[in-house]
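One structure is given below, encoded as structure tokens.
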Amino acid sequence: MALGKYTPEEVEKKWQEIWKDSRCFEVEVDPSKPKYYVLEMFPYPSGKIHMGHVRNYSIGDVVARFKSMQGYNVLHPMGWDAFGLPAENAAIKNKTHPAKWTYQNISEMREQLQRLGYSYDWRREIASCRPEYYKWEQKFFLKFLEKGLAYRKDSPQNWCPDCNTVLANEQVVDGLCWRCESEVEQKDMEQWFLRITDYADELLKDLDTLDTGWPERVLTMQRNWIGRSYGAELTFQVKDMDETIKVFTTRPDTISGATFMSVAAEHPMVETLTKDADNKTEINAFITNIRNMDRIKRGAEDLEKEGIFTGKYCINPITGLEIPIFIANFVLMGYGTGAVMAVPAHDQRDFEFAKKYKLEIKTVINPVELHDKGEILNESTMEAAYTAPGILVNSGDFNGMENESAKKAIVEHLDKSGLGTMSVNYRLRDWNISRQRFWGAPIPIIYCDDCGIVPVPEDQLPLILPENAQVRADGKSPLPQMEEFVNCECPKCGKAARRETDTFDTFFESSWYYMRYCDPRNETEPFSQEATDYWMNVDQYIGGIEHAILHLLYSRFFTKALRDTGFIKTTEPFANLLTQGMVLKDGGKMSKSKGNTVDPNSMINRYGADATRLFILFASPPVKELEWSDQGIEGAFRFLSRLWRLVEGLEDKLQAVQPASSNDPQIDAAKQLRFKEHDTVRRATRDIENEFQFNTVIAAVMELVNEIYGLREALKDADPKALSSAIATAVTLLSPITPHVCEELWQALGHTTTLTKQPWPTYDEAALIKDEVTLIVQVNGKMRAKFQMANNAPKDEVEKVALGLENVMAHTDGKTIRKVIVIPNKLVNIVAN
RNA sequence: GCCGGAGUGGUGAAACUGGUAUACACACCAGACUUAAAAUCUGGAGAUCGCAAGGUCGUGCGGGUUCAAAUCCCGCCUCCGGUACCA
């Protein structure tokens with residue numbers, strides 16, 4: 001069969017059809033084979049794929065094809081994270097329904113992905129906006145409700161005025177909305193929450209099990225986000241009032257040094273404390289000022305510490321002394337109890353505050369060096385708080401104790417009078433899942449005047465998002481105005497009732513989609529036990545670092561919550577995580593606003609899917625950033641053409657042999673080629689297995705191709721089998737990366753089966769042993785000469801030859817040879833002076 | 001401040017357990033082919049001195065360990081990413 005000119009569009013179309021017809025990427029549960037689940041984060045159907053997607057999905061495709069060649073039963077699905085705000089905005093703009101826009105985008109993006117030749121089992125495709133999908137998460141929600149994992153609460157929430165909805169803490173980045181970057185406001189609202197904090201400890205502890213599979217920095221980010229700190233909750237009596245204030249502290253050992261107390265402006269006690277203060281107006285102005293300050297300014301590092309005295313005192317439970325209560329701008333209601341016992345001598349913030357307002361500073365922890373000299377840290381000359389360990393002083397019965405043991409002793413003492421207990425505090429907050437948006441899954445709840453909150457009965461699921469809704473020009477959800485949606489019967493008492501009109505946070509959908517892929521068409525349950533027992537968990541997950549906390553934390557939580565509600569046995573969803581680097585252009589992130597985007601479609605049109613994939617995998621290792629280069633993709637295309645021409649030029653000489661099958665080379669050229677061939681298999685396998693370093697895999701194959709070019713004249717008549725074997729190896733090794741062109745060349749070699757059924761090549765150790773090796777000679781560590789010698793020549797012989805080399809003699813002349821180090825088959829180092 | 005990562009040619013990047021620093025590619029230069037160009041094939045190339053053989057320097061900076069360091073240790077500098085009044 002004549003190969004002709006390399007025209008990617010023809011080759012790619014041809015093989016995509018063959019793969020589709022042969023259904024070679026469709027997989028089923030098969031306990032007789034080891035499984036491998038490779039998953040890339042599913043995209044939001046924005047309409048067009050971008051280079052970030054191409055990179056993400058190309059990496060995943062190589063992994064999938066490679067593992068499949070290694071004999072695994074590979075699950076490699078794709079779908080759509082299809083709920084979200086852009087669809088609503090587009091619907092407003094085009095006066096259409098978000099669903100229409102979304103489904104149209106999905107079909108366009110699906111086509112683009114298919115043009116790239118990815119090995120997905122397309123039968124498993126899911127779109128999270130379909131009732132058949134979100135039905136199950138409505139069911140999960142009802143189960144969570146039963147279990148007490150879902151609850152409703154009225155509290156200040158992050159409100160994005162642009163998106164017209166609340167946001168979870170994780171979705172507020174530097175005080176800005178993660179999606180639209182508007183300034184987030186605070187707003188009191190009644191909302192639905194999931195008790196992710198119930199799992200805080202487990203989420204933290206299980207990070208240790210991901211130690212080898214996840215990038216260090218993602219683990220660290222999650223640990224910081226959960227923010228576990230161990231300390232104590234202590235109770236302070238308010239003087240002359242029947243009230244107490246609880247504080248959380250990690251330093252109960254310093255309590256005797258607590259000379260005042262700071263509470264947050266939002267603290268519920270503030271109103272009571274300041275009710276009859278003389279300067280009530282001043283206090284109110286101070287509070288209003290803090291509360292109106294936006295989050296960025298309030299959180300700024302250089303924000304001046306400010307406070308105001310409430311006029312009230314509380315009693316230090318250890319010293320019995322009265323200490324003033326302040327409202328302070330740096331105390332956050334969202335952490336701990338919203339009140340802090342202030343120990344200026346041993347906390348930097350309290351120190352600064354005390355200096356500013358001339359409050360007492362009292363040393364209670366003494367540095368050991370001073371203590372040994374019989375001295376005590378002098379408060380009046382201190383320039384910063386002393387936060388290191390030490391010995392207790394000015395602390396009554398606890399004097400002389402080491403501060404670490406004093407922590408426990410003091411809390412135990414307070415516990416006797418019910419004023420203190422050891423406690424753990426987390427930075428993590430419960431997950432607010434209510435969204436005041438239309439394009440999301442409806443929360444299956446009914447409000448009845450008589451029965452209160454009533455869950456939608458399970459047999460009424462899915463609770464379908466109305467298809468006839470008209471999106472509003474002001475961006476607000478149309479649901480609350482839709483009588484036919486809102487009005488319903490109470491399932492309990494049958495009276496008229498109202499439906500919840502909020503929808504789920506869209507992170508709800510992405511928190512379990514990888515489970516649904518295991519059994520995506522199941523109509524009676526979210527997924528069968530059989531399917532998830534076999535496929536879960538995901539062996540290799542691939543996606544962007546931007547989800548280090550959000551999606552990855554929610555998914556981990558969901559997995560555990562679904563385990564505890566009996567849906568699945570898995571505890572951690574993703575065994576291994578690869579976060580691919582960004583795609584840059586001209587040193588910056590590709591973005592529409594910068595106008596430096598490169599459209600994957602135009603690259604495919606011009607150079608083909610294979611060249612696009614090749615470049616993106618060659619230019620940088622997957623975890624690193626990738627600088628886009630127009631010349632680079634040109635070069636990738638040139639390499640594929642070069643490989644093509646190699647086969648084309650030898651067409652009548654080549655045979656349909658297996659990779660690495662030339663076993664008996666007679667001439668030097670064949671020996672040399674055989675060595676290179678086996679060495680390439682060794683390197684390629686090693687580099688894929690070592691963190692998927694596809695860039696060096698490609699470099700190795702390029703070297704092999706260069707070698708074949710150099711030897712082809714010598715071998716084409718003398719040993720065509722050696723050439724055929726080497727070409728077969730190159731094509732096979734490259735096939736996960738550039739599958740279409742490799743299939744075509746494989747066929748041109750005379751093979752009748754496809755590469756999708758071809759095993760990954762193996763190499764023969766014996767082929768890597770050379771008759772002669774090159775040795776390096778150093779004199780005092782500097783390279784002076786090289787020479788050829790028989791493999792494994794005896795040390796003394798090697799030494800003799802090395803010492804006799806001309807340039808070596810020149811450098812050792814007149815010197816005494818002290819030592820000669822011989823590393824077999826590698827190097828000789830002569831130490832002389 | 002803290003946590004993570006990275007500093008290697010003109011550029012993207014290699015270097016497996018310490019053992020020829022710069023593989024592979026891009027860009028560049030030269031030769032072959034061509035009337036010419038493109039494409040292709042072959043070759044060159046870290047800097048510097050030298051006609052050459054060869055020498056000297058060279059992996060952010062300064063030390064150290066070692067026969068031998070891009071690689072290990074100590075101390076810094078710069079850049080990127082994340083994160084922070086978290087009590």
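Per chain, numbering begins at 1; letters A, B, ... match sequence-line order.
Under the 6.0 Å distance and 45° angle rule, A:Lys246 does not count as a cation-pi partner of A:Phe236. At least one test fails for A:Arg427 against the ring of A:Tyr335: distance under 6.0 Å to the centre or angle within 45° of the axis.
What separates CD of A:Glu216 from C1' of B:U83 is a distance of 15 Å, to the nearest Å. Atom CZ of A:Arg349 and atom C1' of B:A84 are 11 Å apart (whole Å). Atom pair A:Trp214:CH2 and B:G4:P shows a separation of 18 Å (rounding to whole Å applied). In this entry the distance linking CG of A:Leu805 with P of B:U20 reads 18 Å, nearest Å. What separates CZ of A:Arg429 from P of B:C86 is a distance of 14 Å, to the nearest Å. What separates CG of A:Leu578 from P of B:G5 is a distance of 15 Å, to the nearest Å. Rounded to an integer number of Å, the gap from CH2 of A:Trp628 to C1' of B:G12 is 13 Å. Residue A:Arg223 contributes atom CZ, which lies 12 Å from atom C1' of B:G4 at whole-angstrom precision.
In this structure B:G31 sits in a base pair with B:C41, meeting the Watson-Crick or G-U test at under 3.5 Å. With a cut-off of 3.5 Å on both Watson-Crick or G-U wobble distances, the partner of B:A23 is given as none. Using the Watson-Crick or G-U wobble rule with both distances under 3.5 Å, B:U78 pairs with B:A6. Pair assignment for B:A52: none, as no Watson-Crick or G-U wobble contacts are both less than 3.5 Å. B:C86 is unpaired under the criterion used here, namely a Watson-Crick or G-U wobble arrangement in which both key atom distances are under 3.5 Å. Using the Watson-Crick or G-U wobble rule with both distances under 3.5 Å, B:C57 pairs with B:G46. Summarising the base pairing, B:A36 is matched to no nucleotide, lacking a Watson-Crick or G-U wobble pair whose two defining distances lie under 3.5 Å.
More than 12 heavy atoms of other residues, nucleotides or ligands shown are found within 6.0 angstrom of CZ on A:Arg686. Dense packing is recorded around CD of A:Glu546, with more than 12 heavy atoms of other residues, nucleotides or ligands lying under 6.0 Å away. More than 12 heavy atoms of other shown residues, nucleotides or ligands fall within 6.0 angstrom of atom CD in A:Glu772.
Place A:Met582 and A:Tyr335 on RNA chain B by their nearest nucleotides, and A:Met582 ends up nearer the 5' end.
B:A13 and B:G7 have their P atoms separated by 9 Å, with the value rounded to a whole Å. Taking the C1' atom of each, B:U42 and B:C79 are spaced 41 Å apart, rounded to whole Å. Remark: the separation of the P atoms in B:C26 and B:C41 is 10 Å, to the nearest Å. As rounded to the nearest Å, B:U11 and B:G60 have P atoms that lie 14 Å from one another. With both ends at atom P, the span from B:G63 to B:A25 equals 38 Å, rounded to whole Å. When the C1' atom is used for both B:G44 and B:A6, the distance is 32 Å, rounded to whole Å. Between B:U71 and B:G64, the distance separating the two P atoms is 14 Å to the nearest Å. Using P as the reference atom, B:A37 and B:A32 are 11 Å apart when rounded to the nearest Å.
Applying the salt bridge (charged side-chain N to carboxylate O under 4.0 Å, His left out) test to residues at least two apart or on different chains, none of the pairs has a partner in residues 821-833 of chain A.
Residue A:Thr220 has its side chain nearest to B:C3 when only B:G19, B:C3, B:G12 are considered. Here the side chain of A:Lys786 is nearest to one of B:A13, B:A87, B:U20, namely B:U20.
Contact annotation for A:Pro215: no contact, since no heavy-atom pair falls under 4.0 Å across all strands.
Legend: residues meeting side chain to side chain contact (heavy atoms under 4.5 Å, CB included) with A:Tyr426, ordered by chain and number and at least two apart, are A:Ala200, A:Asp201, A:Ile226, A:Arg228, A:Val424, A:Leu428. Taking A:Met422 as the reference, A:Tyr230, A:Ala232, A:Val411 meet the side chain to side chain contact (heavy atoms under 4.5 Å, CB included) condition, with sequence neighbours excluded.
Base orientation of B:G62: anti (glycosidic angle beyond 90° from 0).
In this structure, the side chains of A:Leu204 and A:Gln222 stay at 4.5 Å or more apart for every pair of heavy atoms.
By the 4.0 Å N-to-carboxylate-O rule, A:Lys305 lies close enough to A:Glu352 to be salt-bridged with it. Using a cut-off of 4.0 Å between Lys/Arg side-chain N and Asp/Glu carboxylate O, A:Glu648 and A:Lys5 are scored as not salt-bridged.
For B:C41, the OP1/OP2 oxygens have a side-chain nitrogen or oxygen of A:Arg645 closer than 4.0 Å. The shortest distance between the side-chain N/O atoms of A:Ser641 and the OP1/OP2 oxygens of B:U40 is not below 4.0 Å. At the phosphate of B:C86, neither OP1 nor OP2 sits under 4.0 Å from any side-chain N or O atom of A:Arg228.
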Produce the list of close N/O pairs, under 3.5 Å, pairing protein atoms with atoms of nucleotides 64-67 of chain B; give distances to one decimal.
from  : atom 1 : to       : atom 2 : distance (Å)
B:C67 : O2'    : A:Asn829 : ND2    : 3.1
B:C67 : O2     : A:Asn829 : ND2    : 2.7

Can you pull every protein N or O that's under 3.5 Å from an N or O on nucleotides 23-27 of chain B?
from  : atom 1 : to       : atom 2 : distance (Å)
B:A23 : O2'    : A:Glu703 : OE2    : 2.7
B:A25 : OP1    : A:Asn706 : ND2    : 3.2
B:C26 : OP1    : A:Arg638 : NH2    : 2.8
B:A27 : OP2    : A:Arg638 : NH2    : 3.1

Q: Indicate for each nucleotide in nucleotides 44-59 of chain B, in 5' to 3' sequence, whether protein heavy atoms under 4.0 Å reach the base (B), only the sugar-phosphate (S), or nothing (-).
A: ----------SSSS--

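Rounded to the nearest 0.5 Å, atoms CZ (A:Arg682) and OG1 (A:Thr762) are 14.0 Å apart.
A:Tyr554 contributes no side-chain N or O that, together with a main-chain N or O of A:Ile549, makes up a donor-acceptor pair within less than 3.5 Å.
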Q) Step by step, would you call A:Leu626 with A:Met582 a side chain to side chain contact (heavy atoms under 4.5 Å, CB included)? A) CA-CA 6 Å; A:Leu626 181 145; A:Met582 275 191 303; over 6 Å; no

